[in-house]
Amino acid sequence: MDLNLQGKVALVTGAGGGIGAAIAAALVAEGGIVYLGDSNANSAVRAAAALGSAARPVVMDVGDAQAVLRVVRGIVDDQGRIDILVNNAGILKSGPVVDASIDDWDQVCRINLSGVYYCSKAVLAPMLERRSGKIINIASVSATKGGGAIGNVLYGATKAGVVALTRGFARELAPFGINVNAIAPAVVDTGMTSSLLTPESRRAVIAAIPLGRLALPAEIAQMALILASDVAAYVTGETIAVDGGYLTK
Ligand SMILES: NC(=O)c1ccc[n+]([C@@H]2O[C@H](COP(=O)([O-])OP(=O)(O)OC[C@H]3O[C@@H](n4cnc5c(N)ncnc54)[C@H](O)[C@@H]3O)[C@@H](O)[C@H]2O)c1
């Protein structure tokens, strides 16, 4: 199936590693011009270098609204447009709420929730001008459960906010040709999760997933590709679980 993503201009946040790097790689493989945004400059440069000249590293903190605007303006100055935004950057908080601090809450809200808003708002003007665009948010099954297999309630609450932003943005932007959808993974084998999983907790997580394994970053990227393409032109406002069946239990 031709996804027709040749020459599309994309910004993927948190693309220095894990799911974001896999999404950037998948978009480049389809012929996209991809800006890999990350607050970690080394990670962004390394991930982009692995993908060749269609991949451009860009240092950005999604929780800094002014910095986000500068990055998006730079992309539009260079390319004349931005077709795809993947709001992937995020941090995890785990453990019981009694042990969480106000700083934990402020930080996870700023990056996971405000970051999605700031980046989405920044691409609106160029997307509205062309009456075309795709915004894809990486949520989590923890939005449904108020905390998932690893993420805690603070994390789950931010991801529930991402689901609400997805639905509301989709409704408002549909008349302007902009699709907004989200992907909700369960547990993906990335730097975010590997450091927290002991052999024992990994077995427990896998036991909670009907397909019997963690997701590969590339499996999340495949869904992102579909949502970035006009194959999914009639899908908007949805949060699609790519979770190995985790939410069925
Ligand atoms: N790994 C999982 O099991 C899982 C499950 C559900 C949802 N998710 C979500 O998927 C997304 C990616 O997760 P991952 O597992 O690839 O994580 P990861 O930690 O492997 O990668 C996240 C990347 O985001 C970058 N980042 C962190 N804060 C940033 C900021 N303020 N601005 C810009 N970049 C920033 C990091 O430097 C890193 O490169 C996150 O939103 C996460 O919540 C992950």
Side-chain angles (χ1 to χ4, degrees), residues 11-26 35-48 50 57-68 70-72 85-94 106-119 122 136-145 147-152 154-163 165-166 182-197 201-202 205-206 208-209 213-221 223-224 239-244 246-247:
L11 168 63
V12 182
T13 68
I19 296 169
I23 294 172
Y35 289 78
L36 289 85
D38 206 289
S39 53
N40 183 323
N42 289 338
S43 302
V45 168
R46 206 173 31 243
V58 48
V59 181
M60 67 187 291
D61 174 358
V62 296
D64 177 342
Q66 291 309 314
V68 165
R70 277 196 299 276
V71 165
V72 169
L85 167 67
V86 183
N87 282 311
N88 165 80
I91 57 166
L92 185 72
K93 295 288 175 189
S94 59
D106 289 345
Q107 191 197 24
V108 75
C109 282
R110 186 179 72 82
I111 296 174
N112 290 14
L113 187 53
S114 298
V116 171
Y117 172 61
Y118 297 157
C119 293
I136 298 148
N137 300 324
I138 306 302
S140 163
V141 294
S142 64
T144 310
K145 292 203 168 188
I150 303 177
N152 67 12
L154 310 188
Y155 176 81
T158 63
K159 293 299 186 179
V162 170
V163 171
L165 284 177
T166 302
I183 299 170
V187 184
V188 189
D189 227 339
T190 67
M192 179 177 272
T193 50
S194 58
S195 57
L196 286 169
L197 287 174
S201 63
R202 180 178 279 262
V205 165
I206 288 173
I209 299 173
R213 62 176 176 82
L214 307 189
L216 301 170
E219 291 174 311
I220 309 304
M223 181 57 72
T239 296
I240 299 171
V242 181
D243 68 348
Y246 177 79
L247 286 178

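In each ligand, atom 1 is the first atom listed, and ligand 1 is the first ligand listed. Computed over heavy atoms, backbone and side chain alike; hydrogens, waters and symmetry mates excluded. Each residue takes its place number in the sequence, starting with 1.
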Asks: At under 4.0 Å between heavy atoms, which part of I19 makes contact with ligand 1: side chain, backbone, both or neither?
Replies: both

Asks: Which of the numbered atoms in ligand 1 are under 4.0 angstrom from any heavy atom belonging to M60?
Replies: 32 (N), 33 (C)

Asks: Can you find a non-hydrogen atom of T13 under 4.0 Å from ligand 1?
Replies: no

Asks: Say whether, by atom type as modelled, one donor and one acceptor occur between the side chain of K159 and the main chain of I138 under 3.5 angstrom.
Replies: yes

Asks: Quick test of your reading of the structure: of L92, V242, T190, whose heavy atom lies closest to atom 15 (O) of ligand 1?
Replies: T190

Asks: Quick test of your reading of the structure: of G191, G148, A186, S140, whose heavy atom lies closest to atom 5 (C) of ligand 1?
Replies: A186

Asks: Below 4.0 angstrom from a heavy atom of A89, which ligand 1 atoms are there? Numbered from 1 as shown, please.
Replies: 33 (C), 34 (N), 35 (C), 41 (O)

Asks: Ignoring hydrogens, just give me the one of P185, A215, S43, S195 whose non-hydrogen atom is nearest atom 6 (C) of ligand 1.
Replies: P185

Asks: What part of V188, side chain from CB on, backbone N/CA/C/O, both or neither, has a heavy atom under 4.0 Å from ligand 1?
Replies: both

Asks: Return the minimal non-hydrogen interatomic distance between T239 and A184, and the atom names on each side.
Replies: CG2-CB, 3.8 Å

Asks: For ligand 1, which atoms have a heavy atom of G17 less than 4.0 angstrom away?
Replies: 39 (O)

Asks: When you check the gap from the basic side-chain N to the acidic O, do R202 and D189 get nearer than 4.0 Å?
Replies: yes

Asks: Just to confirm my output: which protein heavy-atom neighbour is closest to atom 19 (O) of ligand 1, and how far is it?
Replies: M192 CB, 3.6 Å

Asks: Taking the minimum heavy-atom distance to atom 22 (C) of ligand 1, which of G151, A21, G90 ranks first?
Replies: G90

Asks: Among protein heavy atoms, which lies nearest atom 32 (N) of ligand 1, and at what distance?
Replies: V62 N, 3.0 Å

Asks: Minimum distance, heavy atoms only, to atom 40 (C) of ligand 1: which one of I138, N88, N87 is it?
Replies: N88

Asks: Do D61 and R110 come within less than 4.5 Å of each other through their side chains, counting heavy atoms only?
Replies: yes

Asks: Any side-chain heavy-atom pair from L247 and K145 closer than 4.5 angstrom?
Replies: yes

Asks: Distance to 0.1 Å, residue and atom name: give those for the protein heavy atom nearest to atom 23 (C) of ligand 1.
Replies: G14 O, 3.5 Å

Asks: For atom 26 (N) of ligand 1, which of the options A15, S114, S39 provides the nearest non-hydrogen atom?
Replies: S39

Asks: Can you find a pair of side-chain heavy atoms, one from I136 and one from I23, that are under 4.5 Å apart?
Replies: no

Asks: Any non-hydrogen side-chain atom of T158 less than 4.5 Å from a side-chain atom of I111?
Replies: no

Asks: Please check if the side chain of N137 supplies one atom and the backbone of A139 the other of a donor-acceptor pair under 3.5 Å.
Replies: no

Asks: State the atoms of ligand 1, each with its element, that fall below the 4.0 Å cut-off from a heavy-atom position in T193.
Replies: 1 (N), 2 (C), 3 (O)

Asks: So, T166 side chain and V162 main chain: donor-acceptor pair closer than 3.5 Å or not?
Replies: yes

Asks: So which of V12, I183, N40, D38 gets nearest to atom 36 (C) of ligand 1, if we judge by its closest heavy atom?
Replies: D38

Asks: Going by the atom numbers of ligand 1, which of them fall below 4.0 Å from some non-hydrogen atom of G18?
Replies: 16 (O), 20 (O)

Asks: Closest non-hydrogen protein atom to atom 8 (N) of ligand 1, residue and atom name please, with distance?
Replies: Y155 OH, 3.5 Å

Asks: Which atom pair, heavy atoms only, marks the closest approach of L196 to S201?
Replies: O-OG, 4.1 Å

Asks: With sequence neighbours excluded, tell me which residues meet side chain to side chain contact (heavy atoms under 4.5 Å, CB included) with V242.
Replies: I183, I220, M223, I240

Asks: Do any N or O atoms from the side chain of N88 and from the backbone of T13 form a donor-acceptor pair under 3.5 angstrom?
Replies: yes

Asks: What protein heavy atom lies closest to atom 31 (N) of ligand 1? Include the residue and the distance to one decimal.
Replies: D61 OD1, 2.9 Å

Asks: Looking at ligand 1, would A139 count as a contact under a 4.0 Å heavy-atom criterion?
Replies: yes

Asks: With a 3.5 Å distance limit and no angle check, can you tell me whether T193 reaches the backbone of V188 through a side-chain donor-acceptor pair?
Replies: yes

Asks: Taking a cutoff of less than 4.0 Å between a non-hydrogen atom of the residue and any ligand atom, is K159 in contact with ligand 1?
Replies: yes

